[in-house]
Each structure stands twice: as structure tokens, then as C-alpha cells.
Protein chains: 2
Amino acid sequence: MKIGQLSAATDTNVETIRYYERIGLLPHPARTDAGYRSYDESHRSRLAFVRHSRDLGFTIDEIRSLLDLSDHPDRDCSEADLIASRHLEQVERKIAQLSGLRDELSRIVGRCRGGLAGDCRVIDALADHSHCGHAHQGPVTL
Amino acid sequence: MKIGQLSAATDTNVETIRYYERIGLLPHPARTDAGYRSYDESHRSRLAFVRHSRDLGFTIDEIRSLLDLSDHPDRDCSEADLIASRHLEQVERKIAQLSGLRDELSRIVGRCRGGLAGDCRVIDALADHSHCGHAHQGPVTL
DNA sequence: CTTGACCCTGTAGTTGCTACAGGGTGCATA
DNA sequence: TATGCACCCTGTAGCAACTACAGGGTCAAG
């Protein structure tokens, strides 16, 4: 299997596959005479594992640990459970944070009837009004 | 006001303030003889506007547009409303995506009773099982 | 006069990719 | 045989929005 076929089989960008190899998430595959990467089923399933983990929002470092456990079936698996449950907590915190944003945003939008920016409620709400019961929480990434 | 005081007054990292200046979000302030940045109330309120917008998850580019409107009170403010409602939609989409993750993660965690990684349900769930009714959605950022 | 807190510039690191530039390979077709 | 064209290679730079130095200058207190 060449990289393009692995890419199609796992729905992963070719550049991403090379990136995962570079950072040590995937092993260096064999090469053809022409220097092309040559993959087999074990590479495919490892990459599928990585993809599924990324889809669930695990970081590269967490995936490294999970892969390590997966490579050593004799180890205790409580670490995997710990990683996953910590991650679940983070996802829940993020949902709570975004729900707060959503509530504040929906209070803001739809209040302008095409007037001038000078008395726009949207602009106004973003200006400095510490009295409006809004708890400062620091920048957020979507 | 020196940068450290502005930093304290707006709960913003000093480096972040200089960064905002560099990318043109804040104006270049006056300087003291020693070359120290010297801020006044107008800088403080502009930075507060930026911070509040970032807290609500607006991107730097969106904030640029919002600041621009705020600087021109004679403009039509429907653009501000558009920016905010588009952003609200994005936040709602993100919440939906994360809720999906949360559901799948909670199905996965807590199923391991300290056994060996070889038959760990967590590891197992991350391996390749396209039959489990999981819709592929691509990597997510928290 | 020295200590420590603050300030300056400029550059590099973070995360997880993505996008070239500039080249080589392999196969089908004119 | 030439010549496209799709694919592969390496290496580097870019994205967002900061954050973290390194290596220096300034200022007030003790």
C-alpha cells in the first residue's frame, strides 16, 4: 500500500500521515526501490486507532500513551481509563463554558434593528460594563 | 499608566498587550523618556472591549471589525449583529459536536475494572470498529 | 551602591496540522 | 520515443492567539 491508498483507506490527509510518522506516532514504514513508503494492514489499523482517538478529541500526547498501552497488552489498563475519564471531564467543562457563552451571546444578538453603530446594543454590550453580572473567564477557543 | 498597571486593570498578560499592539488591535501608545509605554483611559476601555470580545470567543479578525464599527458610530450596525449571530451559530455547532463526543466518551470510560490492557474496553473501543454506528467527523479541538 | 521590580526589543516555541517549492517516479497514450 | 499526468519525495514555512525566554535598560528603596 502506498501512502495515497492509506490516505484513502483511513480518510487522512497524506501530509498528516507523514506528519504522524515524523513525530513518532506511526513507525517508519518500509520503502520501495524508488523510495516510496510501503504500508501494510498493521499500519492501517494503527492509523485508524489514531484517527478515532483524534476524532474523540484526545491530544497527540494522550494518544501516544494509549498506543503505548495498546502495544503492551500485559500492562495494567487503568491508565487508559484514567486518560479517558480525565478527557471526558475536560469535554464536559468545555461544554459548560460554551453554554455560558451561548447564553450571553444570545442575550446580545438580535437586538439591533439596523440602527447606527453609535447606539448599537451589540457594540455596547462588548464595551466595558463590569456591572452586568458577567463573570470574567479568559479567552476561549472554539 | 504603565503597561503593568494596564495589565492588572484589565487582567491581561503584559506580553499579550504588546502582541495586540503589534498586530494593530491597540494603537501605539505614547512613550515616556525612558521608552516606557504610557496608557490612558481610552486605551484601557479599548483593551477591555477586546478582552470581553475574546472572552466571548470572537476571533481577532471579528474583533477588528467590531472595533472598527465602534470607532465609527455613524455606520450601520447590522454588520455587528451579523458577526455576533454567525458566531453564536458556531458556538452552538461546537456545543453539539462536543455533546456527541461526551456521549461516546461516557460509553467508553468506566468500563475497565483494572484488568490488563490486552482486554481493555477503552483501548478496544479506540481500535478499528467501523461497525459500531459511529459517524466519522474528523479531528476536534477543545 | 546594590537589589529587585519593572520595562524594552526581538525571536522562538506551543498544537495539530496544512501548503507549498522544487524535485523524482511510473504508467498510459500519441 | 516522447510526453503528459498522477503520484511520490524532502524540507520548510504558515495558521491562531498567544506565551516564554534572552539579553538588555530604568527606577525607587534601603
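Letters A, B, ... are given to chains in the order of the sequence lines, protein chains preceding strands, and every chain is numbered from 1.
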If you measure from the Lys or Arg side-chain nitrogens to the Asp or Glu carboxylate oxygens, is any gap between [X] and [Y] under 4.0 Å?
X	Y	result
A:Arg37	A:Glu21	yes
A:Glu89	A:Arg86	no
B:Arg44	B:Glu41	yes
A:Asp81	B:Arg121	no
B:Asp71	B:Arg46	yes

Could you measure the distance from the NZ atom of B:Lys94 to the OG atom of A:Ser99? Nearest 0.5 Å is fine. 13.5 Å
Would you say the side chain of B:Ser106 lies within less than 4.5 Å of the side chain of A:Leu88, judging by non-hydrogen atoms? yes
Whole-Å distance separating the [atom1] atom of [X] from the [atom2] atom of [N]:
X	N	atom1	atom2	answer
A:Leu142	D:dC15	CG	C1'	16 Å
A:Ile17	D:dC9	CD1	C1'	14 Å
A:Lys2	C:dT25	NZ	C1'	9 Å
A:Tyr39	D:dC7	OH	C1'	14 Å

Base, backbone or nothing for each nucleotide of nucleotides 9-17 of chain C, written B, S, -, heavy atoms under 4.0 angstrom, 5' to 3'? B------BB
Heavy-atom contacts under 4.0 Å between residues 86-98 of chain A and DNA chain D, which residues? none
Counting the atoms with a prime plus P, OP1 and OP2 as sugar-phosphate, which does B:Ile23 contact under 4.0 Å by heavy atoms, base, sugar-phosphate, or nothing? nothing
Assess the side chains of B:His52 and A:Glu104: does a donor N or O sit below 3.5 Å from an acceptor N or O? yes
At less than 3.5 Å, do the side-chain atoms of B:Tyr36 and the base atoms of D:dG25 form a donor-acceptor pair? yes
